[in-house]
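By convention here, the first residue in the shown sequence is residue 1.
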Amino acid sequence: DERWKPTGEMIRHLSQCASLGGNYLLNIGPKSDGSIPAPALRSLRELGDWMTANKASVQNTARLGQAPWGWWTRNKDDTTRYAHVHRWSDNELLPLGVPDKLPKSAILLKTGQALAVILHEGKWYIRVPKAAPDAWDTVIAVRNTL
């Protein structure tokens with residue numbers, strides 16, 4: 001089989017599975033000699049790099065569901081929501097939708113850069129950079145008030 005899934009597609013599937021309470025199984029299809037084909041190895045390395053920066057958003061999380069721009073996950077102690085942004089905002093404002101907790105702060109999980117959380121016309125938004133820091137799935141950690 002030479003139809004390799006792009007890394008971005010695998011990352012998006014992973015965040016979707018985590019947001020729906022599932023597990024993501026990777027089948028890499030080794031060659032007859034047991035070696036892993038180069039395209040699969042490259043994708044696994046890229047997926048591993050993404051996981052190094054964003055693992056808190058998919059490991060030991062609980063289901064939360066979909067948003068217009070991607071998927072939500074939450075940590076099990078219920079203080080942090082993770083926005084998996086697949087469709088970046090054109091106007092530098094990411095709508096939070098209807099979070100079940102009040103947002104207190106937000107950071108880009110990969111870099112730790114703080115993002116402003118604003119209330120505009122009765123709705124919560126996160127002010128985001130013009131360009132998505134991660135083309136596949138930019139993760140924003142949203143800390144909530146309890």
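For W69, the ring pair (Phe, Tyr, Trp, His ring centres under 6.0 Å) partners two or more places apart in sequence, or in a different chain, are W72. For the side chain to side chain donor-acceptor pair (under 3.5 Å) test, no residue two or more places apart in sequence or in another chain qualifies with T61.
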In sequence, state the C-alpha distance, the side-chain angles, and the governing distance for I118 and W124, and then conclude on side chain to side chain contact (heavy atoms under 4.5 Å, CB included). CA-CA 6 Å; I118 60 173; W124 289 101; over 6 Å; no
Run the side chain to side chain contact (heavy atoms under 4.5 Å, CB included) test on I11 and L47 for me, step by step, so that the C-alpha distance in whole Å, both residues' side-chain angles and the decisive distance to 0.1 Å come before the verdict. CA-CA 7 Å; I11 289 170; L47 179 61; 3.5 Å; yes
Apply side chain to side chain contact (heavy atoms under 4.5 Å, CB included) to the pair V139 and L108, showing each step before the final yes or no. CA-CA 6 Å; V139 181; L108 290 173; over 6 Å; no
With side chain to side chain contact (heavy atoms under 4.5 Å, CB included) as the test, would you mind laying out the steps for R45 and L41 before giving the verdict? CA-CA 6 Å; R45 283 190 181 114; L41 212 58; 3.7 Å; yes
Could you go step by step and tell me if H86 and S15 meet the side-chain hydrogen bond (donor to acceptor under 3.5 Å, both in side chains) rule? CA-CA 10 Å; H86 300 175; S15 64; 3.0 Å; yes
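No side-chain donor-acceptor contact under 3.5 Å links D137 to the backbone of R12. Using a distance-only test at 3.5 Å, with no hydrogens or angles considered, no donor-acceptor pair links the side chain of N54 to the main chain of V58. Remark: side-chain polar atoms of R81 are not paired, donor with acceptor, to backbone N or O of R143 under 3.5 angstrom.
Summarising the geometry, atom CZ belonging to R42 is positioned 7.0 Å from atom CD belonging to E46; distances are rounded to the nearest 0.5 Å. Put simply, CG on L26 and NZ on K5 are 9.5 Å apart, with the number rounded to the nearest 0.5 Å. One finds the CG atom of L94 at 6.5 Å from the CG atom of L96 (value rounded to the nearest 0.5 Å). W71 contributes atom CH2, which lies 4.5 Å from atom OG of S19 (distance to the nearest 0.5 angstrom).
I107 has its side chain out of reach of I140: every pair of non-hydrogen atoms, C-beta onward, lies at least 4.5 Å apart. Looking at heavy atoms from C-beta onward, Y82 lies out of side-chain contact with R74 at the 4.5 angstrom threshold. Contact of the T79 side chain with the N144 side chain is not registered, since no non-hydrogen atoms from C-beta on lie closer than 4.5 Å. The shortest distance between side-chain heavy atoms of R63 and L20 does not fall below 4.5 Å. The side-chain heavy atoms of T138 and V128, taken from C-beta on, include no pair separated by under 4.5 Å. Looking at N75 and N60, their side chains never come closer than 4.5 Å, going by heavy atoms from C-beta outward. In this structure the side chain of S57 reaches within 4.5 angstrom of the side chain of H84, judged on heavy atoms.
Heavy-atom minimum distance, A141 versus T80: CB-CG2, 4.1 Å. In plain terms, the two heavy atoms of P129 and L115 that are nearest each other are CD-CD2, 4.1 Å. Across all non-hydrogen atoms, the minimal contact from P37 to P30 is CD-CA, 4.3 Å. Contact between P103 and V142 at its shortest, heavy atoms only, is CB-CG1, 3.9 Å. W88 and A131 get closest at one heavy-atom pair: NE1-C, 3.5 Å. Residue E92 comes nearest to S89 through the heavy atom pair N-OG, 3.5 Å, listed as atom of the first residue, atom of the second, then distance.
Annotation: D49, atom CG; neighbour count of heavy atoms from other residues, nucleotides and ligands within 6.0 Å is above 12. Heavy-atom contacts from other residues, nucleotides or ligands closer than 6.0 Å to CG of D90 number 12 or fewer. The 12-atom threshold is not exceeded at CZ of R127, counting heavy atoms of other residues, nucleotides or ligands nearer than 6.0 Å.
Within the structure, the ring-ring contact (aromatic ring centres under 6.0 Å, His included) test picks out no pair touching residues 34-58 (sequence neighbours left out).
In the hydrophobic clustering of ILVMFWY residues, with side-chain heavy atoms under 4.5 Å counting as a link, L119 and Y125 come out apart. Using a 4.5 Å cut-off between side-chain heavy atoms of Ile, Leu, Val, Met, Phe, Trp and Tyr, with links allowed through other members, W136 and M10 fall into the same hydrophobic cluster. With hydrophobic clusters built from ILVMFWY side chains whose heavy atoms lie under 4.5 angstrom apart, L14 shares a cluster with L109.
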